[in-house]
There are 2 protein chains.
Amino acid sequence: MENQQIKQAGLKVTVPRVKILGILEHSGKRHLSAEDVYKELLRQDEEIGLATVYRVLTQFEGAGLVCRRHFEGGQSVFELNSGSHHDHLVCIKCGKIVEFVDSLIEDRQTAIAAEHGFRIEDHSLVVYGLCAGCQNAR
Amino acid sequence: MENQQIKQAGLKVTVPRVKILGILEHSGKRHLSAEDVYKELLRQDEEIGLATVYRVLTQFEGAGLVCRRHFEGGQSVFELNSGSHHDHLVCIKCGKIVEFVDSLIEDRQTAIAAEHGFRIEDHSLVVYGLCAGCQNAR
DNA sequence: AGCAAGATGCGAAAGATTTTCAGTTTACCA
DNA sequence: TGGTAAACTGAAAATCTTTCGCATCTTGCT
């Protein structure tokens, strides 16, 4: 279970880490802010500080267990690394997030980067809009 | 000159606004953070506060004169609105920024958004990597 | 010139994230 | 199983970027 992933990441298996990883895995939502994780910990009556949440999430990011995304609007959201890269469609009204992958876009990005002599390390494509529901709600 | 653009945006023509617009237009770089603009003002011995820089840039953004971008790494950068939308290639080492446009990618985004019932309001594609120069520098 | 609306500057405030530090826990080996 | 160094943690303080509150100053118009 979680313990293995943490250990393999070269980190000690501690209560905060196990709990946080558990929340990321089992909390319905795929995208959580540090604050979201913290609130969930409080709900579970865990005595874990927000600073620790940030520390752990940052370590998980470094270990490749989670990805950090900086969408518009101040805070970052973290998601479990599902192995494959993907982009996001974000509803600017209700916050709904849809993930998608499009090889055509990926290919073009690679080609464009090459044209400019860049070696890609990472990329972020976020499309902001109104989801079906919010378009109707007037 | 600048005054016209400011007036047309429905804003009073004031020293800070003229100076800031001037910096955006004539400072070699196309992408400046509020801090960059502020430093340039100091260099020119202008008594303009950082709060004003943010206020003015935000107003310019609202008026469509500039675009605000939230790249990774905390601060936002502002660029003069050149009329056409474009995406960015950012060097994670030296900060170099290359702009590009690709209609194929734009089309796919529209199609994907439509598939998910979204109406696009805006989007942001940023590719992070190492530019030619930084790949060699070891 | 004179006035009202709108701007500015400054310091304080806010919000997100990071660092500091002293006390606690974990991993590991005798 | 106990002992210990290294790693980890919580709470508070510190940073950093951006925004606000408010008294004062400018601009645009008469």
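Here is how names work: the chains are called A, B, and so on, in the same order as the sequence lines, proteins then strands, and each is numbered from 1. Every heavy atom of this structure was used, including side-chain atoms; hydrogens, water molecules and symmetry mates were not. Please read all numbers here as calculations on a predicted model, not as lab measurements.
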Mind telling me whether A:His31 and A:Phe71 have parallel, tilted or perpendicular rings, with 30° and 60° as the class edges? tilted

Under 3.5 Å side-chain donor-acceptor pair for B:Asp107 and B:Thr110: no

Could you tell me whether the side chain of A:Gln8 and the main chain of A:Asn3 form a donor-acceptor pair under 3.5 Å? no

Determine the minimum heavy-atom distance between B:Ile120 and B:Ala113, stating which atoms define it. CG1-CB, 3.5 Å

Quick one: does A:Asn81's side chain have a donor or acceptor within less than 3.5 Å of a partner on A:Cys67's backbone? no

If only atom types and distance count, is the side chain of A:Gln135 paired as donor or acceptor with the main-chain N or O of B:Gly117 below 3.5 Å? yes

Could you verify whether a donor N or O on one side chain and an acceptor N or O on the other, from A:Glu99 and B:His116, lie under 3.5 Å apart? no

Compute whether any side-chain donor of one residue and acceptor of the other, for A:Glu79 and A:His88, lie under 3.5 angstrom apart. yes

On DNA chain D, compare the nucleotides closest to B:Ser76 and B:Lys12; which residue's is nearer the 5' end? B:Ser76

Hydrogens and angles aside, do A:Gln75 and A:His70 bring a side-chain donor and acceptor to less than 3.5 Å of each other? no

Which residues in residues 15-43 of chain B have at least one heavy atom lying under 4.0 Å from any atom of DNA chain C? B:Pro16, B:Arg17

Hey, can you pull the residues of residues 46-64 of chain A with a non-hydrogen atom under 4.0 angstrom from DNA chain D? A:Glu47, A:Ile48, A:Gly49, A:Ala51, A:Thr52, A:Arg55

So where does chain A start and stop touching DNA chain D, 5' to 3', when the test is distance under 4.0 Å to a non-hydrogen atom? D:dA6 to D:dA12

Could you tell me whether the side chains of B:Thr52 and B:Arg55 share a donor-acceptor contact shorter than 3.5 Å? yes

